[in-house]
Structures are given as C-alpha cells and as structure tokens.
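Before any comments, here is the structure.
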There are 2 protein chains.
Amino acid sequence: MSERGRPRSFDRAAALRRAMEVFWAKGYEGASLSDLTAAMGINSPSLYAAFGSKEALFLEATDLYTRSEGTDIWSTLEQAPTARLAIEGFLTETAKAYSQIDRPQGCLIALGALHQDSTQGLICQDLRRRRAENQTALERRLGRAVAEGELPADFDCQAAATFFATVQHGMSIQARDGATHAALMATASGAMAAWTTMAGVRPRDKRKAL
Amino acid sequence: MSERGRPRSFDRAAALRRAMEVFWAKGYEGASLSDLTAAMGINSPSLYAAFGSKEALFLEATDLYTRSEGTDIWSTLEQAPTARLAIEGFLTETAKAYSQIDRPQGCLIALGALHQDSTQGLICQDLRRRRAENQTALERRLGRAVAEGELPADFDCQAAATFFATVQHGMSIQARDGATHAALMATASGAMAAWTTMAGVRPRDKRKAL
DNA sequence: GTATTTATGTATCGATCGTTACATAAAGGA
DNA sequence: TCCTTTATGTAACGATCGATACATAAATAC
C-alpha cells in the first residue's frame, strides 16, 4: 500500500527527535528551518514532505516530548500511594528532569512559545492546552485524595493544583538560568513545606520539609 | 551645548515607554523593528539615531521597566516591618502587577528572552543578571530577619529565596496563560503556606495561610 | 546672510525567514 | 520495459528581518 515510490532515505522518528531537541532548546520562533534541517540531517523539501510545515513539525515534536520526556513526572503523580508522596514525587522528578546535563534545561511545554499571540497562534494554543491538562492532572490527583479521606473535605484542590503547577513553571525558568539539581530541589522542598501547611498537618516535630 | 542641530521631533521618554510595552508583550526576538517603530510613532532612522540599535533599545527599555513597573513589589519587600509581611507583600504585589488588565501579563524580566544563547546573548545575560539581583534582594531581606531574631539562626535564606523567586517566575507564565488575579493569589497563598512551615511556626490554629 | 550640526522621511541594503518549483533518482505496478 | 509514484538535491521564491545611504529640513554659530 504505502510501499510505492522512492523510499525515504532517513529515519523519520529519529529526525523528529532531533527536531524536538532543537525546539526544546530554542523555542518555536527561535528555531529556524536552517537549525532544524541541520540537526535533522535533511534538506527542507524532505522536511516539508515528511512533516508538512514548521508548525506541524512543532506539534508532532511536542507530542513526542509529552510521550517521551515527561513520563516519570506524571507516572509518579498517578502511582504514588498517597497524595503527599505524589506531589513530592512530582516535584522531585521535575527537579531531576529539568537539570539533566545532556538535555536542554527546563520544559518545552512551559517555554516553547510564550510570546505568540495567544488567541491566534496555533502553537501557543496547543502548549497552553497541555499546560492546562497538566494542572488538571494535579487537581484530579488531589481530588482523589480528598475522596479517599487522605485530605480534609474542605481542601482546596484547585488552588493547590494552581500553586504546584506554577512552581513547576517557575522551575523551568530557574533551570534556564543554569540552576543545579540542588537548587531545583530547594524549590521542591519549599513547595513541600507548603504542603505541610495546606494539608493541615499538626507537626509534632516542628520542621519536616520534604 | 546639546542644542545644536535640528531638534528631535518626538518625545524620547514617551517613545522608550512604548518600546518597553512592545518588548514586554512580545519579547526581544518577537518584537520586530516594524512593531517598535509603529508603536513609537517614528521611522527606523530616528530610532537608531536616538537609541543606537535594537539591543541598546531593549536594554534601556528593561531599565525603564525595572524603575517604573516593579517598584511596588520591591519597596514592599524592603519596607514591611517583618519578613513574613515582606514576603507576603512581595507575593501579593506580584499577583497584582502580573494581572493588570491594561498591561502585558507577566514580567518582562522573566519572559523577555528565554531562548537566546545564554553564554553569548547580551540581552539574555542582562535579564539573567536582573533575575539574580531580585533573588539576592529576597535573600538579603530574609538574612536581615535572621539577624534581627525574627527567624531562627538556622533558617536557610538562600533556599527560601530560591523558592520564592521561582514561584514569582512561575506566576509570569501563569499570567501569560490568562490567570486572573484570584488565580495568582491562590499561588501566593500557597507560597505563604510554605512560609508557615519554613519559619518554624508552631500553629496554634491549624491553618492560617496568608 | 553662510556654514555647521543634527533629525527626518524615503527608499533600500544584504541576510535570513519559511516555503516551494523543478528536474532527477529510486522504488513498485503493468 | 515503460509508467506511475514518491523522495531527494539544487536553487530560488516573496516576505521580512535589522540596519543604513542619502537628500532634505530645521535648528545654532559665525
């Protein structure tokens, strides 16, 4: 069926991964076609034949990013036995992921396109949707903890999810500024200090942050 | 002395303010010369004669931004009678500043140039320096509180400053996503919940966040 | 007055942006 | 073998990027 015509001479998946890394490092507007084709090892007509356009390539790249780079963060959030461990794991995995030395620092979803016209730009809309989904995932996990009795019924899941999502966004900028893993963990610890108060824990020992 | 030659036909300070707003809304790379000259009401030769280059204009614009837009945030930090009120005011003023409806959302210093090559780009270096200065201001305020006995001697000022600075950076992205003042205040409250734990307060009433 | 100095508007510079025509190469179908 | 189909490399498209050359306008100095 699809075996007609001259076969593609490059690995589409590998090229997409290279494109993802370029977008990750430079953002959507900062990544030029020259940057992309150079990293992907192909010429622009091949890029357009395989991916359609720069926009479409970015959308595929962010999808790959979501499927391949954020997994530890979100699987920890879902699978941790308690909400506290879920949030702690979420923050710890974020600190780890954002300070990998062999990768661009910070998060593609958070930093990829901050300056496009949000109401018009397709790219900006897509990233914003993904950020909203992430915050919703946090809120759902907290809601589950309320339902399970781990958190008090009057716990404000939405406010807490907003707070932790915002901390994660800030960690992207912090990472871009060259923050070490330890510095990111300082932020994670700070956020967990908030948990202690928010969850209404009466501390027997006066300080037990993270 | 400087009254020789044809006088400038536009208000340099007003034009700089317009340029600042464009950079604030679109970022350094996202703001084109066309955008700038249109907003400033001048032609490009006038821009270059008055400001030198796009880079120099941006640096002047960020300086104006620092002097004119961030004042409430940082004066509150310095002048509040206690560190707790200082941090609370810092966060509250940030939430207010980042959600002004008649202005670009978020912070120019935080969002202005996230994707330039950090080691090379002059713009990126300047913004990074300003972000570092802001974090240092937080750390100094906390250190003062330790010296005054408000905070315990083993209080980790650097870690706390990192945390609160990161929260503020995250609020810029949150604001860019259209967060309301209330949503930003939810984040501020979360950060103050962290304060309660970090400062080692033994809460008599179990919850008193912000 | 004339000379000098600075600013403005027009028009354009070379470089780069994202994108595509076009001829050729390499595969399967007949 | 010839036709169709798809991919590749070269080369270039129009648009826009940041930045300027140049002639003219408007001020002061003499």
Side-chain angles (χ1 to χ4, degrees), chain A residues 1-16 18-20 22-23 25-62 112-113 115-117 120-124 126, chain B residues 1-16 18-20 22-23 25-62 112-113 115-117 120-124 126:
Chain A
M1 182 69 90
S2 62
E3 310 157 347
R4 291 279 294 269
R6 177 174 175 174
R8 184 178 287 122
S9 65
F10 63 94
D11 183 340
R12 190 184 190 277
L16 177 59
R18 299 289 177 79
M20 176 194 79
V22 173
F23 281 130
K26 304 195 165 193
Y28 176 70
E29 315 217 74
S32 72
L33 260 290
S34 304
D35 295 329
L36 291 165
T37 54
M40 299 165 84
I42 60 177
N43 295 114
S44 40
S46 298
L47 189 155
Y48 278 86
F51 300 100
S53 68
K54 186 187 177 186
E55 259 195 6
L57 175 61
F58 183 85
L59 294 177
E60 262 197 75
T62 56
H115 289 298
Q116 286 205 141
D117 187 340
Q120 188 183 0
L122 190 66
I123 301 298
C124 192
D126 183 69
Chain B
M1 180 70 89
S2 62
E3 311 157 347
R4 289 279 293 268
R6 176 175 175 173
R8 183 178 288 121
S9 65
F10 63 94
D11 182 340
R12 191 184 189 278
L16 177 59
R18 299 290 177 80
M20 177 194 79
V22 173
F23 282 130
K26 303 194 167 195
Y28 175 70
E29 315 216 74
S32 70
L33 261 291
S34 303
D35 294 331
L36 291 165
T37 53
M40 299 164 85
I42 60 177
N43 295 115
S44 39
S46 298
L47 188 155
Y48 279 85
F51 299 100
S53 68
K54 186 188 175 185
E55 259 195 6
L57 175 60
F58 183 86
L59 295 177
E60 263 198 75
T62 56
H115 290 297
Q116 285 204 143
D117 188 341
Q120 187 183 1
L122 191 66
I123 300 299
C124 191
D126 183 71

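We name chains A, B, ... by the order of the sequence lines, and we start the count at 1 in each one.
- One atom, CZ of A:Phe23, and another, C1' of C:dG18, lie 11 Å apart when rounded to the nearest Å.
- To the nearest angstrom, P of C:dT6 lies 16 Å from CZ of B:Arg12.
- Contact annotation: side chain of B:Arg6 to base of D:dA25, donor-acceptor pair present below 3.5 Å.
- Scanning both residues, A:Leu59 and A:Thr62, for their nearest heavy atoms gives O-OG1, 2.8 Å.
- Atom CZ of B:Phe10 and atom C1' of D:dA26 are 15 Å apart (whole Å).
- Mapping A:Pro45 and B:Arg8 onto DNA chain C via the closest heavy atom, the residue that lands nearer the 5' end is B:Arg8.
- Nucleotide C:dG18 holds its P atom 12 Å from the CD1 atom of A:Ile123, rounded to whole Å.
- Between A:Glu29 and B:Gly5, the residue whose closest nucleotide on DNA chain C is further toward the 5' end is B:Gly5.
- Contact check, B:Ser46 against C:dA7: no side-chain N or O comes under 4.0 Å of OP1 or OP2.
- Using a distance-only test at 3.5 Å, with no hydrogens or angles considered, a donor-acceptor pair links the side chain of B:Arg12 to the main chain of B:Ala50.
- For the pair A:Lys54 (side chain) and A:Tyr28 (backbone), a donor-acceptor distance under 3.5 Å is present.
- At a cut-off of 3.5 Å, with distance as the only test, a side-chain donor of A:Ser32 or A:Asp35 sits close to an acceptor on the other residue.
- Among the nucleotides C:dG18, D:dG18, C:dG29, the one closest to the side chain of B:Lys54 is D:dG18.
- Taking side-chain N and O atoms only, A:Asn43 has a distance below 4.0 Å to OP1 or OP2 of D:dG9.
- Summarising the geometry, the separation between CG on A:Leu33 and P on D:dC17 is reported as 16 Å, rounded to the nearest angstrom.
- Judged by distance alone, with hydrogens and angles left aside, B:Ser44 brings a side-chain donor or acceptor within reach of the base of D:dT20, the pair sitting under 3.5 Å.
- Phosphate contact (OP1/OP2 of C:dC17, side-chain N/O of A:Ser34, threshold under 4.0 Å): present.
- Taking atom OH of residue A:Tyr48 and atom P of nucleotide D:dC13, one finds them 17 Å apart after rounding to whole Å.
- Rounded to whole Å, atom P of C:dG9 lies 13 Å from atom CE of B:Met40.
- For A:Pro7, the listed nucleotide lying nearest its side chain is C:dA26; candidates were C:dG9, C:dA26, D:dT20.
- Here A:Glu29 does not pair with B:Lys26 in a salt bridge; the nearest charged N to carboxylate O distance is not below 4.0 Å.
- C:dT19 atom P lies 10 Å from atom CG of A:Leu57, rounded to whole Å.
- Backbone-only engagement by A:Ser9 is indicated by non-hydrogen atom pairs under 4.0 Å involving sugar-phosphate atoms exclusively.
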